[in-house]
Amino acid sequence: MAKTLPPDSDREPEKSEPGDRLLGLRARAILTGLLLIIPVAFAIVDARDSTIFSMMVPPISALIFCILINAPLRRFVPSLAFNQRDLITIFSIVSVGGVVAGEWMSLGESMLYVMPFHAKWSDTYKNYLMKQLPNWLAVEDYALLKDVEGGGKGIGYVLTKLPLFLPKVFGWGVLLMAVTFACQCLNSLMRGAWTERERLTFPLIQLPVAMSENGGTGGMWKSRAMWIAFIVMLSIDILNGLNYLYPNLPAIPVKTLIQVDQIFKEPPLSQMGDFRISIYPFMAAVGLFMPSDMLLSFVVFFLLRKVVHIVLASNGIPQQTFSGSGLAPGPPYFDEQTWGAVLAMFLGALWVSREYLKEVWRDIKSRKPSTDGGLRHTTAFVGLLICTAVVLWYGVVAGGLPVPYMALYFALFLIFCIVLTRVRAQLGPPTHEFAFFGVNSIMFRFFGNKW
C-alpha cells in the first residue's frame with residue numbers, strides 16, 4: 001500500500017510492487033545483496049583495522065553504489081529501479097556478509113589447517129588438541145598441507161585443494177549459522193519490546209535509512225550542509241592520501257596528534273596505556289548520531305581507566321593498555337568488572353521487559369500468530385531451541401565437553417549478545433570491541449582451562 005504523507009511533504013509515496021512478497025522483499029534486492037557480498041568481503045579482509053567499527057565502510061560503499069546505479073534505472077527503466085525496502089535489504093545482506101569477513105574471523109579460519117604446523121613444536125597441540133578436534137573440522141595430516149609453508153601457488157592449484165577444505169568449511173559453517181540464527185531468533189522475540197514499547201532509537205541504522213529514502217533521492221542528498229561537510233572531508237582524505245604517495249605535498253593531520261603516554265618516560269605516568277589525542281573526521285560524523293550521555297561516558301570512563309592504571313603503577317603493580325584483561329586475571333581486573341556490568345545490564349533488561357516477556361511466553365504456548373507481520377514467537381522460540389541443540393552437540397559430541405559446562409558457556413554467550421544488541425539499539429556505539437574479553441575469560445576464572 002502507498003504511504004500516507006502529510007500535505008506539505010514534497011516526497012512521492014513509494015508504490016508497492018506487484019511481485020512484492022515476504023514483507024516487501026524482492027528477488028532482485030536479495031540477488032544484488034548476495035552478489036555484492038563478494039566485493040564487500042574482499043574489501044573488508046583487505047582493510048583490516050577499520051573492520052572493528054559497527055558501521056563498516058564497505059557495506060556503506062555498496063549502498064552508495066546501488067544508489068548511483070539507481071539514478072539511471074529510475075530514468076530509463078523504472079520497473080528495475082530499487083525502492084527503499086530493496087536498498088535496506090541489500091545493505092542488511094552485505095553488512096551481515098561483511099561481519100563474517102571482519103576482524104578476528106581469520107583466527108578461527110586458521111583452525112582448518114594450523115594444527116599440524118603447531119604440533120611440530122608444541123606437545124599441547126600434538127598430544128591434546130589434535131586428539132580432541134575431530135578430523136572433519138580440521139586437516140591433521142601435515143603431508144596434505146606442507147605446500148602452505150612455501151606459498152606462491154596459483155589459483156589453479158588453490159582450486160585443487162577445495163575437496164580437502166570445503167567439508168571442513170561446511171562443518172564450521174553449520175556451527176556459525178547455528179550461533180547467528182540463535183541470535184536472530186532472540187532479536188525476533190525481543191522486537192516488540194525494543195521497537196514498540198521501549199522505542200529504542202537504533203542510531204546505527206539512521207544513516208542507511210536516510211541514504212536510501214525514496215530510492216536514494218531523499219532529503220539527505222539535498223542537504224547543503226551535508227554536501228559541504230562531505231566535500232571538506234573528501235578533500236582532507238584526498239590531500240592526505242596524496243601526501244602518503246608524494247611526501248613533498250602538504251598534509252592535514254587527523255590521526256595521532258599527541259601520544260600522551262609516550263610523553264612521560266618514567267612510571268607511573270608512563271604506564272597509563274595507549275592514550276592518543278586524534279581528530280578523525282568520520283568519527284566526528286558518527287558522533288552526531290550518538291546520544292550525548294554516551295559521548296560523555298566514553299570520555300569519563302576512558303579517563304577513569306587511565307587513572308586506575310596510574311594508581312596501580314604508583315603502588316608497584318606494572319600496567320599497560322590491556323592490564324586486567326586477557327586469559328590470566330590481574331589488577332585492575334577489567335574483565336571481571338565488565339562481566340559484572342554485563343550480567344547487571346542483562347538482569348536490568350529482563351526486569352524492564354518482564355511484562356512483555358510474559359506476553360511472549362503466552363504467545364509461544366498458544367502458538368498465537370504475530371500481529372506485526374513478523375515471525376511468530378513460537379517459531380522463533382523453536383528456532384532458538386534447535387540452534388542451541390546444534391551448538392551443544394558441537395561442544396559435547398565433537399568437542400568432548402561436559403553438558404553442564406557447554407550449556408553454561410552458550411548461555412553466557414547469549415547473555416552477552418543480548419546486552420550488546422540492546423546497547424547497539426539504544427546508543428549505537430561506533431565500535432564494541434571487547435579486547436580479550438569473552439565467555440572464555442569468565443569460564444577460565446571459575447573452572448580453569450581444563451576444558
Side-chain angles (χ1 to χ4, degrees), residues 49 51-54 99 102-108 110-111 124 129 179 182-183 186 261 267-268 270-276 294 296-350 391 395 399 401-402 404-451:
D49 291 342
T51 61
I52 66 174
F53 291 102
S54 302
V99 168
E103 189 183 33
W104 297 114
M105 289 299 292
S106 58
L107 296 182
S110 64
M111 290 299 101
T124 302
L129 292 179
V179 171
C183 295
L186 287 172
D261 54 298
S270 63
Q271 296 187 13
M272 67 176 67
D274 198 331
F275 191 162
R276 308 172 190 226
M294 185 170 198
L296 177 62
S297 69
F298 273 160
V299 176
V300 171
F301 284 99
F302 176 79
L303 295 177
L304 181 61
R305 178 179 180 129
K306 298 306 173 186
V307 170
V308 170
H309 283 310
I310 293 171
V311 171
L312 288 175
S314 66
N315 285 275
I317 303 175
Q319 294 291 292
Q320 57 173 322
T321 301
F322 295 115
S323 292
S325 60
L327 300 183
Y333 301 101
F334 284 129
D335 273 8
E336 288 80 355
Q337 294 184 49
T338 306
W339 265 113
V342 166
L343 295 174
M345 292 174 70
F346 174 71
L347 294 176
L350 286 183
V391 174
L401 297 170
Y405 184 95
M406 192 63 203
L408 178 60
Y409 190 102
F410 193 52
L412 288 171
F413 175 82
L414 293 180
I415 287 173
F416 173 70
C417 290
I418 291 171
V419 170
L420 179 59
T421 302
R422 197 181 186 284
V423 168
R424 286 165 61 90
Q426 184 174 11
L427 300 173
T431 178
H432 58 264
E433 182 182 28
F434 288 68
F436 305 107
F437 174 87
V439 182
N440 283 359
S441 65
I442 190 172
M443 297 296 278
F444 287 167
R445 303 298 195 267
F446 287 93
F447 302 102
N449 59 4
K450 177 181 178 180
W451 302 112

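Along the sequence shown, residues are numbered consecutively beginning with 1.
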Parallel, tilted or perpendicular: ring planes of Phe437 versus Phe434, cut at 30 and 60 degrees: tilted
Side chains of Phe322 and Asp274: closer than 4.5 Å at any heavy-atom pair? no
Mind checking side-chain contact (heavy atoms from CB on, under 4.5 Å) for Glu336 and listing every partner two or more places apart, or none if nothing turns up? Pro329, Tyr333, Arg445
Listed once per pair and sorted, the salt bridge (Lys or Arg N to Asp or Glu O under 4.0 Å) pairs that draw on residues 308-318, sequence neighbours left out: none
Can you list the residues that meet the side-chain contact (heavy atoms from CB on, under 4.5 Å) rule with Phe298, with sequence neighbours excluded? Met290, Met294, Pro429, Pro430
From Thr321 OG1 over to Asp261 CG, what is the distance, rounded to the nearest 0.5 angstrom? 6.5 Å
My understanding is that only residues two or more places apart in sequence, or in another chain, count here; which of them pass side-chain contact (heavy atoms from CB on, under 4.5 Å) with Ala425? Leu200, Phe202
Rounded distance [0.5 Å steps], SG in Cys183 versus CZ in Phe416: 10.5 Å
When rounded to the nearest 0.5 angstrom, what is the spacing between CG in Leu347 and CD1 in Ile415? 8.0 Å
Distance-only check: which donor-acceptor pairs under 3.5 Å involve side-chain atoms of residues 339-346, not counting sequence neighbours?
from	atom 1	to	atom 2	distance (Å)
Trp339	NE1	Gly438	O	3.0
Trp339	NE1	Ser441	OG	3.3

Under the rule for side chain to side chain donor-acceptor pair (under 3.5 Å), what residues qualify as partners of Gln271, not counting sequence neighbours? none
Are Tyr409 and Asn440 side-chain neighbours, meaning at least one heavy-atom pair lies under 4.5 Å? yes
Ignoring hydrogens and angles, tell me if any N or O in the side chain of Gln337 forms a donor-acceptor pair with the backbone of Pro332 under 3.5 Å. yes
Please enumerate all residues that pass ring-ring contact (aromatic ring centres under 6.0 Å, His included) together with Phe334, with sequence neighbours excluded. His309
Measuring from Lys306:NZ to Leu303:CG, what's the distance to the nearest 0.5 Å? 9.5 Å
Do the non-hydrogen side-chain atoms of Tyr405 and Met443 ever get within less than 4.5 Å of each other? yes
Between Ser314 (side chain only) and Pro268 (backbone N and O only), is there a donor and an acceptor less than 3.5 Å apart? no
Does any part of the side chain of Asn315, heavy atoms only, come nearer than 4.5 Å to the side chain of Val311, both counted from C-beta? yes
Going by side-chain contact (heavy atoms from CB on, under 4.5 Å), name the residues that satisfy it together with Phe446, two or more places apart in sequence or in a different chain. Ile442
